[in-house]
Participant: 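Before we start, here is the structure in question, set down as structure tokens.
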Number of protein chains: 2
Amino acid sequence: MDNSGVNPANFIVPPVEGIAGGGTGYGWADVGTESSNLCKGVNVIDPTQIPSAELLHVWCMPSTANVGQQEMPRPFDHVSLLAARNERESVQIALRPKLSWASSGIAGTVQIQCTDLCSASGDRLVVGQSLTMRHVVPILGVPDALVPLDLPIAQINLLPGETTSIWVSVDIPAGQPPGHYEGQILITALKANAEMSAQVLSKAEKYNLYRELKSCLEKVEPVDGKPLDEVAERLKSATSSLKRLLLWPVFQESYGDNGSCDMMDEDAFTNISVNMKFSVTVWDFTLPLTPSLPAVFGISETVIEDRFALEHGSEGWYDALDRHFKWLLQYRISPYFCRWGDSMRILAYTCPWPAGHPRSEEYYSDPRLAAYAVPYAPILSCSNEARDSLRKDVEILKSKPHWRKAYFYLWDEPLNSDQYELIRSMSSDIRSYAPDARILTTYYCGPSDAHGSSTFEAFVKVPKCLRPHTQIFCTSEWVLGNREDLVNDITAELQPENGEEWWTYVCMGPSDPQPNWHLGMRGTQHRAVMWRVWKEGGTGFLYWGANCYEKSLVASAEIKFRRGLPPGDGVLFYPGEVFSPSHEPIASIRLERILSGMQDIEYLKLYSSRYGREEGLALLEKTVSPPLPLSTLKPKANAPFCVIPFHSHPLLLRHASSAFTRVLFSSSASSSHRGFPSFENQ
Amino acid sequence: MDNSGVNPANFIVPPVEGIAGGGTGYGWADVGTESSNLCKGVNVIDPTQIPSAELLHVWCMPSTANVGQQEMPRPFDHVSLLAARNERESVQIALRPKLSWASSGIAGTVQIQCTDLCSASGDRLVVGQSLTMRHVVPILGVPDALVPLDLPIAQINLLPGETTSIWVSVDIPAGQPPGHYEGQILITALKANAEMSAQVLSKAEKYNLYRELKSCLEKVEPVDGKPLDEVAERLKSATSSLKRLLLWPVFQESYGDNGSCDMMDEDAFTNISVNMKFSVTVWDFTLPLTPSLPAVFGISETVIEDRFALEHGSEGWYDALDRHFKWLLQYRISPYFCRWGDSMRILAYTCPWPAGHPRSEEYYSDPRLAAYAVPYAPILSCSNEARDSLRKDVEILKSKPHWRKAYFYLWDEPLNSDQYELIRSMSSDIRSYAPDARILTTYYCGPSDAHGSSTFEAFVKVPKCLRPHTQIFCTSEWVLGNREDLVNDITAELQPENGEEWWTYVCMGPSDPQPNWHLGMRGTQHRAVMWRVWKEGGTGFLYWGANCYEKSLVASAEIKFRRGLPPGDGVLFYPGEVFSPSHEPIASIRLERILSGMQDIEYLKLYSSRYGREEGLALLEKTVSPPLPLSTLKPKANAPFCVIPFHSHPLLLRHASSAFTRVLFSSSASSSHRGFPSFENQ
């Protein structure tokens, strides 16, 4: 008979449930949650009586890990970070309930409490300032939004069968004394909300309490001159009111203790907590305040205007732009605001005030700003007024020391000769009164109507078309595909001796597995965008948009990614209003990894300045497998992945070892512990 | 030059962000959350002032839909269900915030309020009894656990960017007068918890309030016989205490209104709610109380004993088994408890009490029970005592009318001739004093040591090996693969005239796309397990385990699926303790779909009794595409999927149309509205 399509019983894995005991056997591993402290069969679990470690898993994860809801627990470990001054270092603390001790669908509530980190000499990294905690919230199911938690004590709810992650960051102030700082994070399972509900006064109860108290007051207040018997009557009534009030359930706990307050005993509390030691070693060197590599990131003014209902040029509008500018500076990013015109004309400006305004000097001379866009006003209106205003601004700016940070971004990805001609025309105009102005042009191809050359050749020859009307040739990383060697073709066309620079950008492309900042990529892919820039030797980087979610006219409206773009593309932070009443933007995990990458560049630069660029490159080669191209990042196959607790720095592999160093730089793991590095500050 | 590996710019989709305006344009659809009621730019949204429909999406989904967190909103619609008496019909209400109106990471809290459903003649389907609501909670990220919500008013939290689903079920009592019942479900956005926190008294505040009140009491209480000036002094002090108390922030709202209580106005409340009409048409026929098809499902006594720390045979143990038995009966399931012995020997029993015990009659004669397992005690101990006890039980049972429901399940999936011989021996023993006993044997292959036949042939010929020692030949659906025609090979070997029956089972196999109950399969796959049974003509069904999660000794411990099994296999409900302090099991969505399938069988049977089995089969063929085999279910390509609001019954396509009918039976959609069916009760 024809048995095709029939499952050949006896030949492939049979549908037997479990082994060694059949269907109701417990399968391979006969293990479960067993604990001498948990009363077996008791259904109401009192978390104040049980070590929290028996109620939940607590473990560390590196900042490069995407800790999803199904992340499986790992062994508990303490945290020990290594950081320079003026550096932010982050680590994740993952939590997952072992069982449920609360009701109403949640597994339980957990309190997270941080202390300051102190050194032996009494110096401090202060919680809430240097030490911050944020709750990792999924966006489209991927852990991404970092919603601030209260400090020093925060509470979060854990759900049955779900892992939750807390993002802990340490910001080392530039003036922090180097040394070893120690503190602790206490994680404590709290009593169920339901049991706390006795402490909640309902609206009606509150009103009743208020009415009772008021009536007592009326009884006792106007007794002067009243007959004594009336006073006695009123007092009797007030007495009985007060007695009745004291019997309210909301006070039950209080009078149960003969009036002695049963505030939680601090010692009893910490005795049951999971006590995670948190230490930071601060190196005796400082990351430069001004990023060595200018990374200019767009902020859509249109999105801000729509979402926060701000009229262009109003006081609130200036406030909003100012907040965005300052907030992004902490990420070693040089922001520019932008608005698009026809055919990818772009108005890009770093400071919303004209060059003559007192605020503009504050913006342009900020040492954290590595580059700034000068608004080319005529892009919106070609009036003489706009031209005059631009010229006036440039005249002011070109006399300042910060003029070397200035650039003009006039057109996004010109596609044909007409657009090239317009760039040339605008550039000529600017350069007529500012010959050393830097014009930035982004592109991923040559002019579509260029004849007689291949598409890649047309792309490579763009400098020929735009010289001297562009100084910053900013190309898409996407063009390179997996041919990193083509970098040479690009740079061979440039004349750095004449001030020409090569910058790069990422946007929709490149896509997985190359480095980019799309949601759902691995943490190392996010972080490695900047590694790639350093390796390729570009001198700057551009990103098109940090807040370019879908249009909405309500600040707290759901964030939607724009259709047609990969999720996360153009969105590196979220409006705070979506997650809280706060105006403070909510960073994405990806933005934190951009910061890590920017910091890595400083390490790579310092390292190369001591050991040479080839050694720096060799360092990067060791981080990934296969070593070339860097653009395809995979951890080495022999890396001890199960032991990664958190990230360390490329520099440290010559000086110290850590588990993550072993992973990232496995061949160098054996060298270790020659003491702290002693790089001079820049 | 060699361009291999280079992205051919200009030839494939370029990395251009958006269109018509570039990167900061809003892309294709220039739409957002716009509303005249929402004050633009106002960051604190007061949900008591805004129609809830502007704050959240509300829409309906059929019970066969897996509504995940990323499910996209559909248009709002009212619910209109159709059900027989003694039937449960379910529908899902999906909710997704349009924006955030709360703080602390949630988008907002929503209140869901149900009314009774009333008919014009005053009959009722009572909320909390006939109408229930459960929160759909993801398990391993897949919507599965149905956690009961309070009724008539429940509250749930919505998260930003996440869809949440409420499972609404209507249970029509057998005695319910037929007719049209109407009610409503009000969905209302509530004020943020943060704003309510002013109403929460902290422990310290509570203690202070208590102390203040007590001190007031002490001042006013013992005034009798005190000098008047002392009384006056005390009163003055009490007065100032009370005044101070009334100024507490917790009372702010109350005195802001001159003492008039601002309890929420009921009308104002319902004015802003999303008001979903919820109607049920109860047909004038009743699903039989006793399922036409016996579906026997295993419950592991081992799991119950471990998880709830119950000693075998203790009072708590009997209670737990009793609760499980009764709870599962509502799903048209005939439970059996089980414990595995060596080599897949199994002790299976429906009633934990011996046949002579008063409780056993209650169990065996329950009309909802379609079949029961008689415990073959010697499986655990081959003592004479065990043999005598079995014989005594059988002597009692075989005299009862319910004896026709009895079966013996002795061995799970025998694999070789030795095991076959043991089955024959046990069967002979039983049949020596109960010649009409029914022995059930599960198998997916023939004896492994049978010579001279193909594996499929050995499987098909099992009845030859086990006759007359098995009456119920229970085969795995997995064996059929995608060759539904092989059903004939199986049934051809059986002698129904001699009382032989063909039952089937599913477990690890078959897998996707065939019908089974694994987590992550489509709702129609879950439901269609029973359609398949009916189509194939089996007269019963067995499932190995409904509570076979991983071992744990704590009732509220995280539920883990057993390693080596597909997620959800062997787990159809969860311990209530994981989600709440309740002992009540938490049904999975899959269990609800099993019930739907069991009810569908009654419809198919009724339909076929009127129009013939061929017509019934034709009905099923129309539900799926391709029509054969049924085991590979896909909706018809031309089905108007976007309009599915909820499920209706196969029977109804001759009598009424509904959107779901159009989908499930698209070719019959035009026939409609001939009035209610008038099938007699069985």
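All chains are named by letter (A, B, ...) in the order of the sequence lines, taking the proteins before the strands, and each is independently numbered beginning at 1.
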Participant: Heavy-atom distances under 4.5 Å only: say whether B/Ile559 touches chain A with side chain, backbone, both or neither.
Facilitator: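 Neither; nothing under 4.5 Å.
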
Participant: By side chain to side chain contact (heavy atoms under 4.5 Å, CB included), which residues pair with A/Pro97, not counting sequence neighbours?
Facilitator: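 Counting only residues at least two positions away or on another chain, A/Pro97 forms a side chain to side chain contact (heavy atoms under 4.5 Å, CB included) with A/Trp101, A/Ala107, A/Leu158.
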
Participant: Which distance, rounded to the nearest 0.5 Å, do you find between the CG of A/Leu480 and the OH of A/Tyr444?
Facilitator: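 That separation rounds to 15.5 Å.
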
Participant: Might you point out which heavy atoms bring A/Cys445 and A/Phe459 nearest each other, and give the distance in Å?
Facilitator: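 It is N-CD1, 3.6 Å.
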
Participant: Under a 4.5 Å heavy-atom cutoff, which of B/Gln70, B/Glu162, B/Arg345, B/His135 has the most pairs with chain A?
Facilitator: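 The option with the most such pairs is B/Gln70.
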
Participant: Chain B: which of A/Ile139, A/Asp150, A/Leu242 shares the most heavy-atom pairs with it under 4.5 Å?
Facilitator: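 Maximum pair count with chain B is reached by A/Leu242.
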
Participant: Tell me if a side-chain donor or acceptor on B/Ser100 pairs with a main-chain N or O of A/Val578 at a distance below 3.5 Å.
Facilitator: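 Checking the backbone N and O of A/Val578 against the side chain of B/Ser100, a donor-acceptor pair under 3.5 Å is found.
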
Participant: Less than 4.5 Å to any heavy atom of chain A: does that hold for the side chain of B/Val137, its backbone, both, or neither?
Facilitator: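 Answer is neither: B/Val137 stays 4.5 Å or more from chain A.
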
Participant: Would you name the heavy atoms of B/Asp412 and B/Ile346 that are closest together and state the gap between them?
Facilitator: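 Answer, listing the atom of B/Asp412 first, then B/Ile346: N-CG2, 4.1 Å.
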
Participant: Between B/Arg96 and chain A, which part of the residue has a heavy atom less than 4.5 Å away: side chain, backbone, both or neither?
Facilitator: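 The side chain, not the backbone.
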
